[in-house]
Amino acid sequence: MKLNINDTFNKELPADPVLENSRRQVEKACFSFVTPKQTANPKLLHVSPEMLKHLGLSEQDSQSEIFLNVFTGNAVLPNTKPYAMCYAGHQFGNWAGQLGDGRAINLFEVQHDNKHWAIQLKGAGETPYSRTADGLAVLRSSIREYLCSEAMHHLGVPTTRALSLALSGDDVLRDVLYNGNPEYEKGAIVCRTAPSFLRFGSYEIFAAKQDITTLKTLVDYTIKHFFSHLGTPSKETYLAFFKEVTKRTLDMIVHWQRVGFVHGVMNTDNMSILGLTIDYGPYGWLEGFDYGWTPNTTDRQHKRYRYGNQPNIGLWNLYKLANALFPLIEDVEALESILDQYKIDFEANSLKMMRSKLGLEAEDVFDTSLIQNLEDNLLLIETDMTIFFRKLSDFSTEKPSEGLKIIHDAFYSIDELSDDIKEKWNAWFQRYSERLAQEETTSEKRKEIMNAVNPKYVLRNYMAQLAIDDAEKGNYELIDELFQLLKQPYAEQPENEKWFAKRPEWARHKVGCSMLSCSS
């Protein structure tokens, strides 16, 4: 197994001088050196062929003993020094102080085909940032992260990736619902990959401690390696850097809204500086279209991170990043101008995204009203978001009266479809038909355009739970079946039609299918 190791983070940034693996406050350092935990009986369950290629590895490499040991933390490659990153964050709107990689250990960085990848193990043992936790992960959360990060990539959503999923062979004690009933579960390790795992909180920690020297060092490092097109460090460059982070964050969230993804825990320490979806914990996919839905049990009361609030939280988090970068920029007006632009751009980008979901290429002044009218209708009774938008591509302007029939399968309870609701839907379809008449695109071309942005298959929580249930019994085939399915989320895949279905009733309130805890 030959990798082109090109470490930068742990060579160019200040390290924690304390080498013992004890919980502590770390000062003036971006990371702490740490060694992954040896596991009892590691076993690879799945490897992503695509990520293997990105790293310059072969399928044969993935079957070797050294691959198994390195990517489960049981061996450290020569001349590499694993480490845990130091960062802080705002959690559920409150300042939480130092957080850091509590259950993630960065192994090394790889350069291949002009791309740079940081390689990180999640669940490989405790670090100085683990606080009261054990630094380990369980199989259920690891399956969810492994499948979802790869699924999101194929949906066209900016995301961290995953290389491998493995059992550690150890049992891990977890309280799934935080209700005082902990149980032992199978331990697992996911190997995550991304150009960088830097977060908003990576900068917040130094601003909070007024350690401007380390803050500048980290920002300069970030620009040098990931935003080099912005030029050499200066106040103007820092401002341009913040502007680009703002744009990338917005783009990512608009993609989330497009496919119905709810992150579940948008704390500033879970926001990537590169605008990637990071930290797949209690995430979920909208089943019924619902702006107020959150998958996170911890957020059940206030619903801070609900689907409809994700764009606002993105902005809130960017305000916190602006505060962190302020000592290097010292220009309130310029920063506020960028943040104000986020609001304007969100409205424009969101409208553009919804137009694409409806197959509208031309622009019409009444489109906002048409979309608002549609969203109001989607809330009348429980309507499956994924199925609705996918089926909508079959709508014909020649038969607007058949609109309801086309989306019939998206309704969870047909009994609730009253005459009043039918009337509202028929009125909308008539309006939609008239709007489509303004388009020059053929119905075939429009269907193609719509099906390229409205996925047929997403990783619904019940699907992941079925794979988890099987895996707990030692059957791992469904992991691969879903992995293959989600590589082509926009394709028809007639042989996989069973996955193009509403959430089954048994999954409505089942743990892991409706609500999840942060330990999920």
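Only a predicted model underlies this, so the values are computations on that prediction, with no experimental measurement involved.
Using a 4.5 Å heavy-atom cutoff, the side chains of Phe200 and Asp269 are not in contact. At a threshold of 4.5 Å between non-hydrogen side-chain atoms, the residues Lys391 and Asp409 count as touching. Between Phe346 and Asn349, the closest side-chain pair of non-hydrogen atoms is not below 4.5 Å. No side-chain heavy atom of Gln465 sits under 4.5 Å from any side-chain heavy atom of Asn461. Between Trp285 and Val262 there is no side-chain heavy-atom pair separated by less than 4.5 Å. Using a 4.5 Å heavy-atom cutoff, the side chains of Phe31 and Cys86 are not in contact. Counting heavy atoms from C-beta on, the side chains of Pro82 and Pro36 come closer than 4.5 Å. For the pair Leu380/Leu417, no side-chain contact is recorded, criterion being any heavy-atom separation below 4.5 Å from C-beta on.
Enclosure of atom NZ in Lys243 is not indicated, since only 12 or fewer non-hydrogen atoms of other residues, nucleotides or ligands lie within 6.0 angstrom. In the displayed structure, Lys247 atom NZ is contacted under 6.0 Å by at most 12 heavy atoms of other residues, nucleotides or ligands.
With hydrogens and angles disregarded, no donor-acceptor distance shorter than 3.5 Å links the side chain of Asn270 to the backbone of Met266. In this structure a side-chain-to-backbone donor-acceptor pair under 3.5 Å is missing from Asn309 to Tyr305. With hydrogens and angles ignored, the 3.5 Å screen pairs no side-chain donor or acceptor of Thr214 with any backbone N or O of Asp211. Side-chain atoms of Asp171 never come within 3.5 Å of backbone atoms of Tyr184 as a donor-acceptor pair (strictly under, hydrogens ignored).
Among residues two or more places apart in sequence or in another chain, the side-chain contact (heavy atoms from CB on, under 4.5 Å) test is passed with Ser272 by Leu274, Leu276, Ile278. Under the rule for a side-chain hydrogen bond (donor to acceptor under 3.5 Å, both in side chains), Thr249 has no partner lying at least two apart in sequence or in another chain. The side-chain contact (heavy atoms from CB on, under 4.5 Å) check on Tyr490 picks up Leu155, Arg258, Val259, Arg390, Pro455, with sequence neighbours excluded. Partners of Thr383 under the side-chain contact (heavy atoms from CB on, under 4.5 Å) rule, at least two apart in sequence or in another chain, are Leu378, Ile381, Phe388, Ala410, Phe411. Residues that satisfy the salt bridge (Lys or Arg N to Asp or Glu O under 4.0 Å) test with Arg355, not counting sequence neighbours, are Asp367. Annotation: ring-ring contact (aromatic ring centres under 6.0 Å, His included) contacts of Tyr462 (sequence neighbours excluded): none. With sequence neighbours excluded, the residues satisfying side-chain hydrogen bond (donor to acceptor under 3.5 Å, both in side chains) with Trp256 are Thr277. For Phe395, the ring-ring contact (aromatic ring centres under 6.0 Å, His included) partners two or more places apart in sequence, or in a different chain, are Phe429, Tyr432. Under the ring-ring contact (aromatic ring centres under 6.0 Å, His included) criterion, His153 pairs with no residue at all, not counting sequence neighbours.
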inquiry  = Does Thr159 form a side-chain hydrogen bond (donor to acceptor under 3.5 Å, both in side chains) with Tyr280? I'd like the steps, not just the answer.
reply    = CA-CA 10 Å; Thr159 179; Tyr280 289 91; 2.5 Å; yes
request  = Start with the C-alpha gap between Arg508 and Glu505, add the side-chain angles, then the distance that decides, and say whether salt bridge (Lys or Arg N to Asp or Glu O under 4.0 Å) holds.
outcome  = CA-CA 5 Å; Arg508 182 177 290 275; Glu505 199 54 36; 2.7 Å; yes
query = When you look at Asn296 and Arg304, which way does the side-chain contact (heavy atoms from CB on, under 4.5 Å) test go after all the steps?
reply = CA-CA 10 Å; Asn296 191 346; Arg304 177 180 174 81; over 6 Å; no
request  = Please step through side-chain hydrogen bond (donor to acceptor under 3.5 Å, both in side chains) for the pair Gln310 and Gln257, ending with a clear verdict.
outcome  = CA-CA 8 Å; Gln310 292 186 137; Gln257 304 303 98; 2.7 Å; yes
ask   = Between Lys456 and Glu492, is a salt bridge (Lys or Arg N to Asp or Glu O under 4.0 Å) present by the stated rule, with each step listed?
value = CA-CA 7 Å; Lys456 181 165 183 175; Glu492 283 298 325; 2.8 Å; yes
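Between Tyr307 and Phe289, the ring planes are perpendicular. Angles over 60° get that label, and only those under 30° would be called parallel. Relative orientation of the Phe261 and His263 rings is perpendicular, given thresholds of 30° and 60° on the angle between their planes.
Evaluated for a ring pair (Phe, Tyr, Trp, His ring centres under 6.0 Å) with Phe9, the options Phe226, Trp117, Tyr83, Phe197 yield exactly one hit, Tyr83. Partner of Ser142 under the side chain to side chain contact (heavy atoms under 4.5 Å, CB included) criterion, out of Leu167, Leu165, Leu147: Leu165 alone.
For the pair Lys320 and Trp316, the cation sits on the ring face: its NZ or CZ lies under 6.0 Å from the ring centre, inside 45° of the axis.
Side-chain contact annotation: Asp420 with Ser418, donor-acceptor N/O pair under 3.5 Å absent. In this model, no donor atom of one side chain and acceptor atom of the other lie less than 3.5 Å apart for Lys424 and Asn377. With 3.5 Å as the limit, one finds a donor-acceptor pair spanning the side chains of Tyr146 and His46. A donor-acceptor pair shorter than 3.5 Å cannot be found between the side chains of Ser337 and Asp340. Under 3.5 Å, the side chains of Gln372 and Asp376 contain a donor-acceptor pair of N or O atoms. Side-chain atoms of Asn317 and Thr268 form no donor-acceptor pair, as typed in the model, at a separation below 3.5 Å.
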Show me the donor-acceptor pairs within less than 3.5 Å that the side chains of residues 89-99 make with the rest of the protein, sequence neighbours left out.
from  : atom 1 : to     : atom 2 : distance (Å)
His90 : ND1    : Glu204 : OE2    : 2.7
Gln98 : OE1    : Val26  : N      : 2.8
Gln98 : NE2    : Arg24  : O      : 2.8

For a quick test of your reading: what N or O donor-acceptor pairs under 3.5 Å do the side chains of residues 119-136 make, sequence neighbours left out?
from   : atom 1 : to     : atom 2 : distance (Å)
Gln120 : OE1    : Arg192 : NE     : 2.9
Gln120 : OE1    : Arg192 : NH2    : 2.7
Gln120 : NE2    : Asn106 : OD1    : 3.0
Lys122 : NZ     : Glu145 : OE1    : 2.7
Glu126 : OE2    : Arg23  : NH1    : 3.1
Thr127 : OG1    : Asp101 : O      : 2.5
Thr127 : OG1    : Tyr129 : N      : 3.0
Tyr129 : OH     : Ser32  : OG     : 2.7
Ser130 : OG     : Gly102 : O      : 2.7
Ser130 : OG     : Thr127 : N      : 2.7
Ser130 : OG     : Thr127 : O      : 3.2
Asp134 : OD1    : Leu136 : N      : 2.9
Asp134 : OD1    : Arg174 : NH2    : 3.0
Asp134 : OD2    : Arg174 : NH1    : 3.1

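Screening residues 281-295 for salt bridge (charged side-chain N to carboxylate O under 4.0 Å, His left out) gives Glu287-Arg460 as the qualifying pairs, with residues at least two apart or on separate chains.
A salt bridge is absent between Asp384 and Arg503; no separation between the charged side-chain nitrogens and carboxylate oxygens falls under 4.0 Å. Using a cutoff of 4.0 Å between basic side-chain nitrogens and carboxylate oxygens, Lys209 and Glu27 are scored as salt-bridged. Under 4.0 Å is where a charged nitrogen must lie from a carboxylate oxygen, and between Lys502 and Glu382 no such pair does. Ion pair Glu347/Lys343 not flagged as a salt bridge, since none of the NZ, NE, NH1 or NH2 atoms sits closer than 4.0 Å to an Asp/Glu carboxylate oxygen.
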